[in-house]
Amino acid sequence: MLQCFSNDPRGAIALHLVHRAEQADWLAQHAQHAPWLAAGGYRGDAGTFSLLPAPDGAAVAVLASPSDGEPTWALGALPMALPEGRYALQDRAANTPAALGWALGAYQFERYKAPRRAPARLVLPPRADADEADRVARAMYLARDLINTPAEDMGPTELAHAAQTVGDRFGAQVELTRGDALLARGFPCLHLVGRASPRAATLIDLRWGDPQARRLTLVGKGVCFDTGGLDIKNHDGMFEMKKDMGGAAIVLALAQALMDSATPVRLRVLLAAADNAISGNAMRPRDIVRTGSGKTVEIGFTDAEGRLVLCDALSEACRERPDLLIDVATLTGSAKATLGSELQAVFSDDDAVAEGLVRCGFDVGDALWRLPIWRAYRRRLDTPLADLSNVAKGLFADAIVATLFLAEFVPREQRWAHLDVMGMNGLARPGRPEGGEATGLLALYQFLRRRYAGATTQ
């Protein structure tokens, strides 16, 4: 169990959650605390708290106003703000999302810098599923750790090692295809993107579960660093590109949570890992590559590499005709420009899948927003020398056009969803520290647990 949790209520400080609108009623029942709160100027603003002293000066309780928004994040600001110690919620309705939000607010990335302090510990509420909160938090921690790790220490080999570690824990089969072997195995686009780097591109293939169960396949973009290739990015564009493997990190962490919860599926995970580097053998604008599907693609822009590493993995995934195929990628700046950093784009032709994902996202405080797969824009990928280009003619709707590129490798009858995500928090919010983030993971996990196990994290 994570160190931010405790099962021992003895001596724990009482933690009262009271919204500002409810503060007057609470004070009417706890009048002894009114002078102290008035003297300290406590107003009950969202995300604030006040320690309440006993006559001897020791903290006897905490009055806190939960953060605004979804229940998952109500307690997210408290673990690193309250003094170290154990706290017991006095809210009898407190449940699994409350415990999960506490754990996510306690996260610290410790690989290169000692933590500034230990988080406050939460006595697990009686109505909370402690195992569920712990497994989902650990999955989120895994994705955050992978994304936060700089590219020097997180290349295709290290990402493969992380997948092998997760797979070994749950008895999954993990197969790796590296370097030139990708050409023989039907992944020429992944090879093309990664060939300029001394760190060999790798297709990571994890399989787990009952072969007779419904097939669920997850695909993740794992570009461990993206220079833009010969169409090189500027400094600002390159500065956060260690996060360009965020899709693979999120998919791997999601797989860990699904396996840990024994979700009854035949799970397959395909992670396409590479560096988009610059050297004498880097892919060039106007090169043409024959994909694993047989279609030819002209390289219109070397910085549109994410869709290239995904296309062959999607083709491979579709050969098994899974019940559901989901890919996750930090794919376009267009999605960020359209939705900002707090909404993640989801594309699907299947209304039930798209609507279910959006609904689950709002239920768990991990918001997704559906964008259209507008087929009329497909003509913008036309090029006279190949079946399609990897970049559109014109400047607009790149998130949609990038999805249309991926759709070329997914049959129309295949049930499929594509998530174009941030993979990071640009600004800290309660429970969501600045840095790497598993954007979309909570929504995906909730949706898949409901679909395949009839379960809920509420």
Side-chain angles (χ1 to χ4, degrees), residues 104 107-113 140-156 158-159 162 193-194 196-197 199 201 220-254 271-278 282 301-310 327-345 366-369 390-391 398-399 402 418-429 431-442:
L104 296 179
Y107 171 83
Q108 297 179 84
F109 184 55
E110 302 177 4
R111 179 165 179 171
Y112 304 97
K113 185 177 181 179
M140 294 285 287
Y141 279 28
L142 171 62
R144 288 174 174 181
D145 283 351
L146 292 174
I147 298 169
N148 279 327
T149 301
E152 177 72 11
D153 295 324
M154 184 51 61
E158 290 78 14
L159 188 56
V193 171
S197 172
R199 307 194 297 187
K221 173 190 171 186
V223 176
C224 296
F225 195 81
D226 180 19
T227 66
L230 293 177
D231 291 318
I232 190 170
K233 295 177 183 287
N234 61 23
H235 171 269
D236 290 344
M238 207 183 299
F239 189 71
E240 295 292 355
M241 281 301 100
K242 71 174 185 178
K243 79 175 181 73
D244 215 21
M245 40 65 70
I250 293 164
V251 161
L252 179 60
L254 173 62
L271 308 180
D275 289 329
N276 189 20
I278 299 172
F301 190 44
T302 66
D303 196 19
E305 87 299 330
R307 60 203 75 178
L308 293 171
V309 304
L310 288 174
D327 78 83
V328 183
T330 53
L331 201 63
T332 68
S334 174
K336 178 172 66 174
T338 302
L339 299 176
S341 61
E342 297 178 17
L343 283 169
Q344 314 307 315
D366 186 17
L368 307 178
W369 198 261
N390 76 324
V391 69
D398 186 49
H418 159 61
L419 273 67
D420 192 341
V421 302
M422 277 285 292
M424 66 175 296
N425 297 313
L427 297 173
R429 291 181 289 157
R432 291 155 285 193
E434 181 178 345
E437 183 59 286
T439 44
L441 187 150
L442 296 179

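Remark: the backbone N or O of Ser341 is paired with a side-chain donor or acceptor of Gln344 at under 3.5 angstrom. With hydrogens and angles disregarded, no donor-acceptor distance shorter than 3.5 Å links the side chain of Arg111 to the backbone of Asp145. Of the possible donor and acceptor atoms, none in the side chain of Asp244 sits under 3.5 Å from a partner among the backbone N and O of Phe225. Within the 3.5 Å criterion, the main-chain N or O of Ala345 finds no donor-acceptor partner in the side chain of Asp420. Checking side-chain atoms of Lys242 against main-chain N and O of Asn148 turns up a donor-acceptor pair under 3.5 Å. Counting only distance, with no hydrogens or angles, the side chain of Asn276 and the backbone of Thr302 share a donor-acceptor pair below 3.5 Å. For Lys243 (side chain) and Met422 (main-chain N/O), a donor-acceptor pair under 3.5 Å exists by modelled atom type. The backbone N or O of Ser197 sits nowhere less than 3.5 Å from a side-chain atom of Asp275 that would complete a donor-acceptor pair. Panel note: side chain Asp226, backbone Gly228; a donor-acceptor pair is recorded below 3.5 Å. In this structure, Asn390 contributes its side chain and Ala304 its backbone to a donor-acceptor pair below 3.5 Å.
In this structure, CG on Leu427 lies 8.5 Å from CD on Glu342, to the nearest 0.5 angstrom. We find the OG1-CE distance between Thr330 and Met424 to be 11.0 Å, quoted to the nearest 0.5 Å. In this structure, Leu343 CG and Thr439 OG1 are separated by 11.5 Å, a value rounded to the nearest 0.5 Å. Separation of atoms NE2 (His418) and CG (Leu331) is listed at 5.0 Å; rounding is to 0.5 Å. Separating the CG atom in Leu159 from the CG atom in Leu271 is a distance of 6.0 Å, to the nearest 0.5 Å.
A 4.5 Å side-chain heavy-atom check between Glu437 and Val421 finds every atom pair outside the cut-off. Residues Ile250 and Leu419 form no side-chain contact, since every pair of their non-hydrogen atoms from C-beta on lies 4.5 Å or further apart. Between Tyr107 and Met140, the closest side-chain pair of non-hydrogen atoms is not below 4.5 Å. Looking at heavy atoms from C-beta onward, Val223 lies out of side-chain contact with Met241 at the 4.5 angstrom threshold. Pro433 places a side-chain heavy atom less than 4.5 Å from the side chain of Arg144.
Pairing each heavy atom of Asp231 with each of Asp303, the nearest pair is O-CB, 4.0 Å. Taking all atoms of both residues into account, the shortest heavy-atom contact from Leu146 to Ala162 is CD2-CB, 3.9 Å. The heavy-atom pair separating Gly229 from Thr227 by the smallest distance is N-OG1, 2.9 Å. Of all the heavy atoms in Ala438 and Ala143, the pair that sits closest is CB-CB, 3.6 Å.
Counting heavy-atom neighbours within 6.0 Å of Glu152 CD, excluding the residue itself, gives a total of 12 or less. When the shell of 6.0 Å around OH of Tyr112 is examined, it contains more than 12 heavy atoms from other residues, nucleotides or ligands. Within 6.0 Å of NZ in Lys233 there are more than 12 heavy atoms belonging to other residues, nucleotides or ligands.
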Does the pair Lys221 and Glu305 meet the rule for a salt bridge (charged side-chain N to carboxylate O under 4.0 Å, His left out), with working shown?
-> CA-CA 10 Å; Lys221 173 190 171 186; Glu305 87 299 330; 3.5 Å; yes
Report the C-alpha distance between Asp398 and Arg307 in whole Å, list the side-chain angles of each, state the deciding distance to 0.1 Å, and finish with yes or no for salt bridge (charged side-chain N to carboxylate O under 4.0 Å, His left out).
-> CA-CA 12 Å; Asp398 186 49; Arg307 60 203 75 178; 3.4 Å; yes
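Each of Glu240, Met154, Met245 was compared with Ile147 under the side chain to side chain contact (heavy atoms under 4.5 Å, CB included) criterion, and only Met245 meets it.
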